[in-house]
Amino acid sequence: MYAGCQQYDFDQIELFWQKFWDKNKTFCVQEDTSKEKYYILDMFPYPSGAGLHIGHPEGYTASDILARYKHAKGYNVLHPMGWDAFGLPAEQHAIKTGINPSTNTANNVSIFKKQMKRIGFAIDWEREINTTDPIYFKWTQWIFLQLFKHGLAYVDECPVWWCEGLKSVLANEEVIGGRSERGNFPVVRKNLCQWVLRITRYADKLLEGLSSVDWPDSTKRQQIAWIGKSEGANIFFKIDGHGEEICTYTTRPDTIFGVTFLVLAPEHPLIEKIVAPKFENDVKKYVENSRKKSDLERTDLAKTKTGVQTGAHAINPANGKKIEIWIADYVLASHGSGAIMAVPGHDRRDYDFASNYGIAVTKVIDNASGDNQLPYVGDGVLINSERFNGLSSEEAKGKIVSWLQETKRADFTQNYKLRNWLFSRQRYWGEPIPIIWIKENDYKAAASNDKFYFKEFLPNEPISNEKDGITYCALPLCTSHLPLTLPPTDNYLPSSDGESPLAKIHSWLNVYVNVETGQIVPADDFNEKDRNSSCVLGRRETNTMPQWAGSCWYYLRYLSPRCETAIVDPDAINYWQTPDFYIGGAEHAVLHLLYARFWHRFLFDIGVIRTGKEPFKKLFHQGIILGEDGTKMSKSRGNVINPDEVVNRYGADALRLYEMFLGPLDMMKPWSTKGIEGVFRFLKKIWNEYIDREGNTKNFHDNLSDECQTVVNETIKKVGNDIEGLKFNTAISQMMICLNSIQKAGGFDNASAGNFLKILAPFAPHISEELWARLGNNGSIYDAPWPEYDDSKIVPTSQKIIVQVNGKMRAELVVNDVNTSEGAIFELAINIENVKKYVANKKILKKVYAKGTVVNFVVE
RNA sequence: GCUCAGGUGGCGGAAUGGUAGACGCUGAGGACUUAAAAUCCUUUGGCCGUAAGGCCGUGCGGGUUCGAGUCCCGCCCCGAGCACCA
């Protein structure tokens, strides 16, 4: 069966085959131990109301080509798709309309799915997942509870980014230049009680794991920079006339003899204790001022560095010198110990500050190049450093810290830029955090009860939080309570004091917990006659999880999407393991990919999965498709290309082919409407090589010319290699070259007609299916094996050798015998008219022959 | 400022140190057609030349090499990421 049109009617053909694939479940897979598996993962989309963007099909087509190719090569290919559907836009839509976000989400998902099916991706839709589906987020909550149990989730009253525009707290990563990443609203600091995940405990593991993965270098580098590990030392400075010490972190202990002052961050806890009465007012003013400043203002590099004296002094532990202690906001409380030993001779920032306030600058490192300019920030040889003079920076670092260590005035240590992961969001449309807060006394009493039900995820140390003078402890739900679903409401607006909309839904919020039976009853429904000593009143956690949570582990869920007993079925993961290939945008280089690695390594550490420490062995980022004007597509610029319109006008095969033909997959490249007409023409040419004007399949040649056979075999080879190397643009141009040759030669023979369709199929599956069927084949071309090529046909029977004189091309030499000797080649070459001209009467200094390619005569 | 990636015709882009510009688009000319669309053929880096052929040419300046878009050094320009991280 086939669509049966006369001309290349892409609409009829594509719809016919899409229906065929659906009906026959062509792309559905099961574990099959007789075959090697290949797991291809796309970063799953957020199903926005705007529908598919023209950039989506780029990555999806790339992974689809690979999936279809690997299948043809005999692999059991898993290529699933799902929806990262929690998130702000659906919630804001709900705030505006009062319609539950799940309705809106379901709507958007169906649009996305329809669009993706219309492009013909070889996706196993039976494995479709959705992060907002309770059967999915049951396990997201379960993983959170594991983190909680293992002491990796805690609450902290910490300064967080509060965005008034979004009425929500944002993570550091969601704040760009003092404004929210989404919506571009201004943000301010605010103290709130938040859930935090201890990702910093995994800093070293996350760093170490990068060396074992095949990822783009830039992405690895970004993660390394984000983790920001540095090796250095804590050095302790005694405060003159005080019992206190100031701990400073430095990576340059070799410059300790050049310390001329200390600087504390304005938030440093010792400030109040050490400030001299005379300076109290100035200090107070300065500290208050810097608290008011936004981070943007504080970290503006262009501004001159400001600070105030404390009037207190510290003693340099290396030489006993008394130095001033200053406060300045160029020192960050969040890094190291929030205090630094300032070495203006060898640090740009300390130098700037010292210059502003007339503080002494001492040179303690000799620059090898003899440049005397200060500050000199490189390594060198120590001077003015007493017994350490003459040592290199490298040697001195260790020796000085060891020496100070003897008297407990220093310690070797490391520092990280990585902060713990703020995991709370004050939103409705996210996974509820499966925690109930109960009074500390109730918790203690319950925990010491042998019949305590809530042991499954109980941490060693209770997580507690004080509210209105009462201490509450976090009681973790058990697997049997999951999923904890979102209560219905029609008011999605967060409360003005920063709490999630869930805090307003009292029937859900307040519950009675039976700590012996595990029964949880809404307080409203609580029947007083059921009250007994094991019933305690609790308040549910109202924060929800960030959108990253659902995407941290989705690649595991595809393996057994309906599994009810575990996050992933053990047999399924034992077979499919982790993805062999992961493709998605570079915008997720740090956050998603770091968080997912963190969860994966955690799940590995607690034995939930045993498939290796890293989730994504091979990663690739597709580039961005720009508008026709070479700028980023945006509504305001009016340069947005709608994929539906492209499909309507040229078809899915043309869209797929064109996006792959545009240029290298990882590059940014502009869309061109004229360009897609080119590949559309190519598809029509293909059609016309198979089907005559009456719509009948053509008769092919009995055999092809040698020349054509060479091209066909080269094409099979190159297309295969190019797919493996993800060089789809050159694979397509090779197929064009092949078709041009076939066209010139007057058509295919039977063998090449079939082979050409097999290599075309991953790129343009619909037309390939249709023509494959019209050649008389049954079933889907998807199941046809990848063709073999004949290397002997690729080796040409004659060779074209370029003849150069002094490196300039002067002639071409064609030799019929590939094994012609070097001497004979020189003889033939030198006798060509246009070569003779240049070597005549000249002394030949050198003759070079690169076998089969070039002859070069070097003459005086 | 630091780190990384890149700079090739009118455009998107090809080129294991070996014919720079494959393939596609655009432009020009032609065939078919009453005409148009579609299709097909020729041509399309610049300059000189009727041609054969020659000279120049991969951001700029040097270098290595028989030979450089490709390797090395310095500079310029665009893009991305990080950005007072001590």
Side-chain angles (χ1 to χ4, degrees), chain A residues 7 177 216-222 224-226 228-230 232 248-252 255 263 265 298-303 305 328-332 334-343 346-350 352-353 377 415-419 586-587 589-590 623-624 626 628 630 657-658 661-664 666-679 681-682 684-685 688 727 729-740 743-744 800-812 833-834 837 844-859:
Chain A
Q7 297 306 305
D217 274 346
S218 63
T219 304
K220 285 192 191 182
R221 266 194 305 273
Q222 277 185 61
I224 291 167
W226 190 264
K229 182 175 184 173
S230 69
T248 64
Y249 174 72
T250 181
T251 54
R252 293 296 302 274
T255 62
V263 187
R298 269 187 69 164
T299 58
D300 182 5
L301 276 167
K303 78 165 190 195
K305 294 188 169 33
D329 65 4
Y330 80 90
V331 173
L332 308 175
S334 55
H335 190 78
S337 55
I340 61 157
M341 53 174 236
V343 186
H346 304 284
D347 183 280
R348 177 85 248 168
R349 299 147 303 178
D350 298 344
D352 291 345
F353 188 80
V377 299
N415 250 287
Y416 300 86
K417 284 198 228 175
L418 184 68
R419 302 269 82 91
E587 67 274 17
V590 178
I624 295 169
L626 304 170
E628 221 150 349
L657 215 46
Y658 180 60
F661 186 61
L662 263 174
D666 55 352
M667 289 259 160
M668 222 185 231
K669 47 219 169 236
W671 181 270
S672 155
T673 298
K674 282 289 182 192
I676 196 169
E677 275 168 18
V679 297
R681 224 169 275 163
F682 173 57
K684 282 191 286 190
K685 271 201 225 176
N688 292 331
K727 293 190 282 190
N729 54 332
T730 50
I732 293 166
S733 78
Q734 182 63 39
M735 287 190 279
M736 288 172 168
I737 291 168
C738 181
L739 191 75
N740 288 345
Q743 203 175 26
K744 275 212 180 84
K800 199 159 74 177
I801 292 165
I802 299 308
V803 184
Q804 301 178 335
V805 179
N806 283 349
K808 279 196 195 299
M809 186 198 130
R810 295 301 175 189
E812 279 178 9
E833 264 325 297
N834 206 43
K837 209 161 87 184
I844 295 177
L845 302 172
K846 193 169 184 176
K847 292 188 275 189
V848 180
Y849 175 50
K851 193 168 188 313
T853 49
V854 158
V855 168
N856 192 9
F857 296 108
V858 185
V859 300

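Letters A, B, ... are given to chains in the order of the sequence lines, protein chains preceding strands, and every chain is numbered from 1.
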On a whole-Å scale, what distance lies between the C1' atoms belonging to B:G27 and B:G81? 40 Å

Using atom CG of A:Leu657 as one end and atom C1' of B:G12 as the other, report the distance to the nearest whole Å. 15 Å

Only counting residues at least two apart or in another chain, list the ones meeting salt bridge (charged side-chain N to carboxylate O under 4.0 Å, His left out) with A:Arg252. A:Asp254, A:Asp379

Rounded to whole Å, CG of A:Leu662 lies from P of B:C11 at a distance of 17 Å

With the side chain defined as heavy atoms from C-beta on, A:Met668 is closest, among B:G79, B:G81, B:A86, to B:G79

Pick the P atom in B:A22 and in B:G45, then give their distance to the nearest Å. 8 Å

Nearest heavy atoms of A:Val263 and A:Val331, plus distance in Å: CG1-CG2, 3.5 Å

Could you check which nucleotide pairs with B:A20 in any of the strands shown, counting Watson-Crick or G-U wobble with both distances under 3.5 Å? none

Considering only atom P, compute the distance from B:U65 to B:C76 and round it to an integer number of Å. 28 Å

Are A:Asn834 and A:Arg810 close enough, and set up right, to give a side-chain contact (heavy atoms from CB on, under 4.5 Å), and what steps lead you there? CA-CA 6 Å; A:Asn834 206 43; A:Arg810 295 301 175 189; 4.2 Å; yes

Please enumerate all residues that pass salt bridge (charged side-chain N to carboxylate O under 4.0 Å, His left out) together with A:Lys669, with sequence neighbours excluded. A:Glu58

Give every pair of a protein N or O atom and an N or O atom of nucleotides 3-10 of chain B that lie under 3.5 Å apart, one pair per line with the distance.
| unit_1 | atom_1 | unit_2 | atom_2 | d |
| --- | --- | --- | --- | --- |
| B:C4 | O2' | A:Arg221 | NH2 | 2.6 |

Distance check, P atoms only: B:C4 and B:C73, in whole angstrom units. 12 Å

Just the rounded figure in Å: distance from P of B:A86 to CG of A:Asp352. 17 Å

Closest to side chain of A:Ile340, choosing from B:A86, B:C55, B:C40: B:A86

Separation between the P atoms of B:U58 and B:G63, rounded to whole Å: 16 Å

Hey, does A:Met736 have a side-chain heavy atom less than 4.5 Å from the side chain of A:Val679? yes

For A:Ser672, does its backbone N or O pair with a side-chain atom of A:Tyr658 as donor and acceptor, under 3.5 Å? yes

A:Leu845 and A:Val859, any side-chain heavy atoms less than 4.5 Å apart: no

Indicate syn or anti for B:G21, taking the glycosidic torsion and treating anything within 90° of 0 as syn. anti

Rounded to whole angstrom, note down the C1' distance from B:G13 over to B:G21. 9 Å

For B:A22 and A:Thr730 - does any side-chain N or O of the residue sit under 4.0 Å from the phosphate oxygens OP1/OP2? no

Closest nucleotide of RNA chain B for A:Asn834 versus for A:Gly338: which of these residues is on the 5' side? A:Asn834

Rounded to whole Å, the CD1-C1' distance (A:Ile624 to B:G12) equals 17 Å

Closest approach of A:Ala328 to A:Phe353 (non-hydrogen atoms, all atoms of both residues): CB-CE1, 3.7 Å

Nucleotide forming a Watson-Crick or wobble pair with B:C55, both distances under 3.5 Å: B:G46

Minimum heavy-atom distance A:Ser733-A:Thr730, with the two atoms named: OG-O, 3.2 Å

Nearest-angstrom distance from the residue atom NZ of A:Lys851 to P of B:G67: 23 Å

Please list, pair by pair, any protein nitrogen or oxygen found under 3.5 Å from a nitrogen or oxygen in nucleotides 23-26 of chain B.
| unit_1 | atom_1 | unit_2 | atom_2 | d |
| --- | --- | --- | --- | --- |
| B:G24 | OP1 | A:Asn740 | ND2 | 3.2 |
| B:C25 | OP1 | A:Arg681 | NH1 | 2.7 |

Where A:Lys685 and A:Asn740 come nearest, the two heavy atoms and their spacing: NZ-OD1, 3.4 Å

For A:Pro670 and A:Gly630, the nearest pair of non-hydrogen atoms, with its separation, is CB-CA, 4.2 Å

In whole angstroms, how far is the P atom of B:G12 from the CG atom of A:Leu626? 11 Å

Measure the distance from NZ on A:Lys684 to P on B:A37 and round it to the nearest whole Å. 13 Å

Would you kindly check whether a donor in the side chain of A:Lys847 faces an acceptor in the base of B:C66, or vice versa, at under 3.5 angstrom? no

Suppose we define a pair by two distances each less than 3.5 Å, Watson-Crick or G-U wobble; what does B:G74 pair with here? B:C60

Inter-nucleotide P distance (B:G10, B:G59), Å rounded: 13 Å

Touch check for A:Ser230, heavy atoms < 4.0 angstrom, all strands: base, sugar-phosphate only, or nothing? sugar-phosphate

Is there a donor-acceptor contact under 3.5 Å from the side chain of A:Asn415 to the main chain of A:Ser230? no

Closest to the 5' end of RNA chain B, once A:Lys744 and A:Pro670 are matched to their nearest nucleotides, is A:Pro670

Could you check if a side-chain atom of A:Met341 sits within less than 4.5 angstrom of a side-chain atom of A:Thr255, using non-hydrogen atoms only? yes

N/O-N/O pairs, protein side and nucleotides 16-19 of chain B side, under 3.5 Å:
| unit_1 | atom_1 | unit_2 | atom_2 | d |
| --- | --- | --- | --- | --- |
| B:G18 | N2 | A:Gln804 | OE1 | 3.4 |
| B:U19 | O4 | A:Lys800 | NZ | 3.2 |

B:G6 versus B:A86 - spacing of their C1' atoms, nearest Å: 33 Å

Those residues that, when tested against A:Arg348, pass salt bridge (charged side-chain N to carboxylate O under 4.0 Å, His left out) (two or more places apart): A:Asp352

Pairing nucleotide - B:U39, Watson-Crick or G-U, each distance under 3.5 Å: B:A31

Which whole-number value in Å describes the distance from A:Arg348 CZ to B:A83 C1'? 16 Å

Any idea which heavy atoms bring A:Asp350 and A:Ile340 closest together, and the distance? OD1-CD1, 3.4 Å

Classify A:Gln7 by what it touches in the nucleic acid, base, sugar-phosphate, or nothing, heavy-atom distance under 4.0 Å. nothing

Would you indicate which nucleotide in B:A86, B:G13, B:A38 comes nearest to any side-chain atom of A:Lys669? B:G13

Under 4.0 Å from OP1 or OP2 of B:G54: is there any side-chain N or O of A:Arg810 that close? yes

Any side-chain N or O of A:Asn729 less than 4.0 Å from the OP1 or OP2 oxygen of B:A22? no

